[in-house]
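To keep things clear, I will list the structure first and then write my remarks on it.
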Amino acid sequence: MSEGKAHLNFIEEIIEEDLRNGKHSGRIHTRFPPEPNGYLHIGHVKAITINFELAKKYGGKTNLRFDDTNPTTEDTEYVEGIMQDIRWLGYQWEAEALYASDYFEQLYQYALKLIEMGLAYVDDSTPEQIAEMKKTPTEAGIESPYRNRSIEENLELFKDMRAGKFEDGSRVLRAKVDMSSPNMHMRDPVIYRIKHEHHHRTGDNWCIYPMYDFAHGQSDSIEGITHSLCSLEFTHHRPLYDWFIEKLGIFPSRQIEFARMNVTYMITSKRKLLKLVEEGIVTGWDDPRMPTIAGMRRRGYPAAALRQFCEKAGVAKRDNLIEIELLESCVRDELNRIALRAMVVTDPIKVVITNYEEGKTEVLFAENNPEDETAGSRELSFSNELFIERDDFMENPPKGYFRLYPGGSVRLKSAYIITCEEVIKDENGVLELRCKYVPESKSGEDTSGLKVKGTLHWVDAKTAIEGEIRDYDRLFTDPTPAGHDDKDVFDFINPESLIINKNARFESSVALMKEGTPYQFMRKGYYTADRDHRPDHPVFNSTVNLKEGFKVQKA
RNA sequence: UGACCCAUGGUGUAACGGUAGCACUACAGAUUUUGGUUCUGUCUGUUAAGGUUCGAAUCCUUAUGGGUCAACCA
């Protein structure tokens, strides 16, 4: 890392302050606490990196704890997916994955303790009545008629709740805090509800389940979490978090809130993401256009780039909207370093080399990665029939165009310099280009003395493999699709977010390429083989384009 | 209109009472067998008004703007 003064974010400042004061003997322990009810997305990546990187930086530990206190929405399927995603991001949690449901008995005991202290009561009111009595933020709430039940009665009722003697929704356990607090969360929050439902881990052992507020802080405390990092919307929960810890006299974990990350052209609403899948706008949770970790992985975004992105985006408490260009920059930066180069012509136009012996095939060599000598080189076949990109030829080139045009010369990457001598057309356009090559201009041993402006990618028509390229663009046409009061995100679906091209010609080495490995198709962009990829039928997903310094205006 | 949080270039984030910096973006230029990479440069900023101070992005006050909170969700 860079020398000089370290720029600490506000969480690091708090941690270093705690370290200076010898708090918790210098121990740092964080946690990532997803609810297993969906797939992880870009917003979670932020939370994951903050928790794991902070612990790493200060020699601490990070737990993975599933916040599984609501059996209605949770499932083991999600547990598996979440663990896979975190591992893929490059993080390893402390020991085994933990579950809030492992603490159900302990939490129950805490609740009994609270009742015994006169700080919790069973309320028989309906949900509507409870909401009514809470009133509004500007108006003090009123106390429930059940608020002053005796401790004995509360104990008996709560035990009966656990024993399954009551119907769902007929009663709840509430903490006795302050019905007139300006903080709505302190107005006697519900801490246990009755749900006769099957839990993905505890099965049918319980019919009462703790609410978030009664599970999260205590779980942190049980695990000895020192710094419990969460997003800003939990700020109002902190007084309650502290209240339970204080009344119960348990380990004082500290909650710290940061602003969650928003990225242009992306949405993170679970409901809306689900709708994209259900309506078939995308092919699934791992569609390469999805902001899910699974989607970004399939798209070809490297885990290191995602980590780098979060680090560069920083952490603070103000609302933010980070431009997706920063993410793409991180992706390109990483890919430029590691991606092997290859040549693929996406929209082929045939080139015949008139002065090259027909039937002859020559082997040329091309470096795999100019950024990395150890990446070695590969073989390319060359013959009198080639393909180049349709965009790389213009009959009437504009000023500043230095690709191929009638009478013009270009270098074919890692091969020879060619000159266009004849254009064969029909009414639909250019059919074929007839060119001469310069034998002395062979790449690496060029004695021709010729200098050309342009270098084009190409493939040998005789050995090229035909295949498919799936070109992905932003899913939405608006940078903040969810940020309009008068419009829905579905009003901003980009109709061209996926363009499938089945006419691409790949150099023959594509047969050796593997799913998930990043490649740079020279002068086009970064791509990764999809799971549908086969050696004889290539299928690649576009990850991100190369930066373009020159744009050809289409006629 | 109750409480709480926040306000630095187009975007994000630093500066902890003492030269407003870095990154992304955009735009130039150099290098280049990828119009990529690399390198160099340019543009643009402390929400406002008062106050404290030799000195304020930073401390205080007020205003303005934005956000959050009223699930038996997390």
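Just so we're on the same page: letters track the sequence lines, and every chain starts at 1. Values in this document were obtained by computation on a predicted structure and should not be read as measured data.
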| message | Distance check, C1' atoms only: B/U68 and B/U52, in whole angstrom units. | response | 32 Å

- Residues A/Asp168, A/Lys195: salt bridge by 4.0 Å N-O rule: no

Are there any protein N/O atoms within less than 3.5 Å of an N/O atom in nucleotides 17-23 of chain B, and if so, which ones and at what distance?
none

Quick one: which protein N/O atoms are closer than 3.5 Å to N/O atoms of nucleotides 40-48 of chain B? Pair and distance per line, please.
none

Rounded to whole Å, CG of A/Asn262 lies from P of B/G67 at a distance of 12 Å

Which of B/C73, B/A14, B/G35 is nearest the side chain of A/Ala316? It is B/A14

**Asked** Less than 4.0 Å between a side-chain N and a carboxylate O, is that true for A/Arg523 and A/Glu389?
**Response** no

- [ ] Describe the nucleic acid contact of A/Tyr192 in one word from base, sugar-phosphate, nothing, applying a heavy-atom distance below 4.0 Å.
- [x] nothing

Here the distance between atom C1' of B/G2 and atom CG of A/Asp178, to the nearest Å, is 14 Å

Give a yes/no answer on whether the side chain of A/Arg193 brings an N or O atom under 4.0 Å of OP1 or OP2 in B/C73.
yes

Side-chain contact check for A/Ala313: nearest option of B/C24, B/G12, B/A14 is B/G12

- Task: Classify the angle between the aromatic ring planes of A/His199 and A/Tyr209 as parallel (below 30°), tilted (30 to 60°) or perpendicular (above 60°).
- Result: parallel

Roughly how many Å apart are B/G66 and B/U8, using the P atom of each and rounding to a whole number? 14 Å

inquiry  = Side-chain N or O of A/Ser181 versus OP1/OP2 of B/A3: is the shortest distance under 4.0 Å?
reply    = no

Original post:
With rounding to whole Å, what would you report as the distance between B/A23 and B/U38 at their P atoms?
Top reply: 12 Å

- Task: Establish, from distance only, whether the side-chain atoms of A/Arg254 and A/Ser228 form a donor-acceptor pair under 3.5 Å.
- Result: no

| query | Given B/A74, is OP1 or OP2 found less than 4.0 Å from the side-chain N or O atoms of A/Lys270? | reply | no

For B/C39 and B/A7, measure between their C1' atoms and round to the nearest Å.
37 Å

Requested in this report: Run the numbers on A/Asp85 and A/His44 for side-chain hydrogen bond (donor to acceptor under 3.5 Å, both in side chains), then give the verdict.
Outcome: CA-CA 10 Å; A/Asp85 288 346; A/His44 295 108; over 6 Å; no

- Query: So what does A/Ser231 touch, heavy atoms closer than 4.0 Å: a base, only the sugar-phosphate, or nothing?
  - Reply: nothing

message = Between A/Glu362 and A/Tyr416, do the side chains contain a donor N or O and an acceptor N or O under 3.5 Å apart?
response = yes

note: A/Ile11, atom CD1; B/A14, atom C1'; distance rounded to Å ~ 16 Å

Practice item. Kindly confirm whether the side-chain ring of A/Phe550 is stacked on the base of B/G35, judged by centres under 5.5 Å and planes under 30°. Key: yes

Applied to residues 364-373 of chain A, the salt bridge (Lys or Arg N to Asp or Glu O under 4.0 Å) test, sequence neighbours excluded, yields none

Per-residue pairing states of RNA chain B in dot-bracket (Watson-Crick or G-U under 3.5 Å; . unpaired, | other strand) read .((((((..((((....[..)))).(((((.......)))))....(((((..]....))))))))))).....

A/His457 atom NE2 is separated from B/G36 atom P, nearest whole Å, by 15 Å

A/Glu311 atom CD is separated from B/U13 atom P, nearest whole Å, by 14 Å

For A/Ser542, the side-chain contact (heavy atoms from CB on, under 4.5 Å) test, sequence neighbours excluded, returns A/Asp471, A/Tyr472, A/Tyr527

Those residues at least two apart in sequence (or on a different chain) that pass side-chain contact (heavy atoms from CB on, under 4.5 Å) with A/Ser377 are A/Phe365

Q) Are A/Asp220 and A/Ser253 linked by a side-chain donor-acceptor pair shorter than 3.5 Å? A) no

Sorted by chain and residue number, the salt bridge (Lys or Arg N to Asp or Glu O under 4.0 Å) partners of A/Lys176 (sequence neighbours excluded) come out as none

| So what does A/Val172 hit on the nucleic acid, given a heavy-atom distance under 4.0 Å: a base, only sugar-phosphate, or nothing? | base

Tell me if the side-chain of A/Glu548 makes a donor-acceptor pair with the base of B/G36, cut-off 3.5 Å, by modelled atom types.
no

Considering only heavy side-chain atoms of A/Asn320, the closest of B/C24, B/G12, B/A70 is B/G12

Does the pair A/Arg260/A/Asp319 count as a salt bridge with the N-to-O cut at 4.0 Å?
no

Rounding to the closest angstrom, what is the interatomic distance between B/A70 and B/C4 at atom C1'?
14 Å

**Prompt:** Distance between the P atoms of B/U40 and B/G50, in whole angstroms?
**Reply:** 42 Å

Hits for salt bridge (Lys or Arg N to Asp or Glu O under 4.0 Å) against A/Glu16, two or more places apart or cross-chain, chain-then-number order -> none

Pull out every protein N or O sitting under 3.5 Å from an N or O of nucleotides 30-34 of chain B, one pair per line with the distance.
| residue | atom | partner | partner atom | Å |
| --- | --- | --- | --- | --- |
| B/U33 | O2' | A/Lys413 | NZ | 2.8 |
| B/U33 | O2 | A/Ser414 | N | 3.1 |
| B/U33 | N3 | A/Arg411 | NH1 | 3.4 |
| B/U33 | N3 | A/Ser443 | OG | 2.7 |
| B/U33 | O4 | A/Arg411 | NH1 | 3.1 |
| B/U33 | O4 | A/Ser443 | N | 3.4 |
| B/U33 | O4 | A/Ser443 | OG | 2.8 |
| B/U33 | O4 | A/Gly444 | N | 3.0 |
| B/U34 | O2 | A/Gln520 | OE1 | 2.9 |
| B/U34 | O2 | A/Arg523 | N | 3.0 |
| B/U34 | N3 | A/Gln520 | OE1 | 2.5 |
| B/U34 | O4 | A/Arg341 | NH1 | 2.4 |

Should the pair A/Asp188-A/Arg147 be classified as a salt bridge under the 4.0 Å nitrogen-to-oxygen rule? yes

P atoms of B/A3 and B/G12, separation to the nearest Å = 29 Å

Exercise for the section: Determine the Euclidean distance between corresponding P atoms of B/G36 and B/A30; express it in Å to zero decimal places. Expected result: 13 Å

Note: for A/Arg332 and A/Gly169 on RNA chain B, the residue whose nearest nucleotide lies more 5' is A/Arg332

To the nearest angstrom, the CZ-C1' distance between A/Arg31 and B/A74 comes to 12 Å

Residue set satisfying side-chain hydrogen bond (donor to acceptor under 3.5 Å, both in side chains) with A/Asn63, at least two apart, ordered chain then number -> A/His29, A/Glu223

Per ring pair (Phe, Tyr, Trp, His ring centres under 6.0 Å), A/Phe214 is matched among A/Phe104, A/Tyr103, A/Tyr192 by A/Tyr192

When rounded to whole Å, the CZ to P distance for the pair A/Arg260 and B/G12 reads 14 Å

Can you give me the N/O atom pairs linking the protein to nucleotides 4-7 of chain B at distances under 3.5 Å, or say none if there are none?
none

In short, salt bridge (Lys or Arg N to Asp or Glu O under 4.0 Å) pairs touching residues 322-331 of chain A with sequence neighbours left out are A/Glu325-A/Arg474, A/Glu328-A/Arg474

Here the gap from A/Phe32 atom CZ to A/Leu98 atom CG, rounded to the nearest 0.5 Å, amounts to 13.5 Å

Next item on the list: Could you verify whether a donor N or O on one side chain and an acceptor N or O on the other, from A/Ser448 and A/Ser441, lie under 3.5 Å apart?
Entry: no

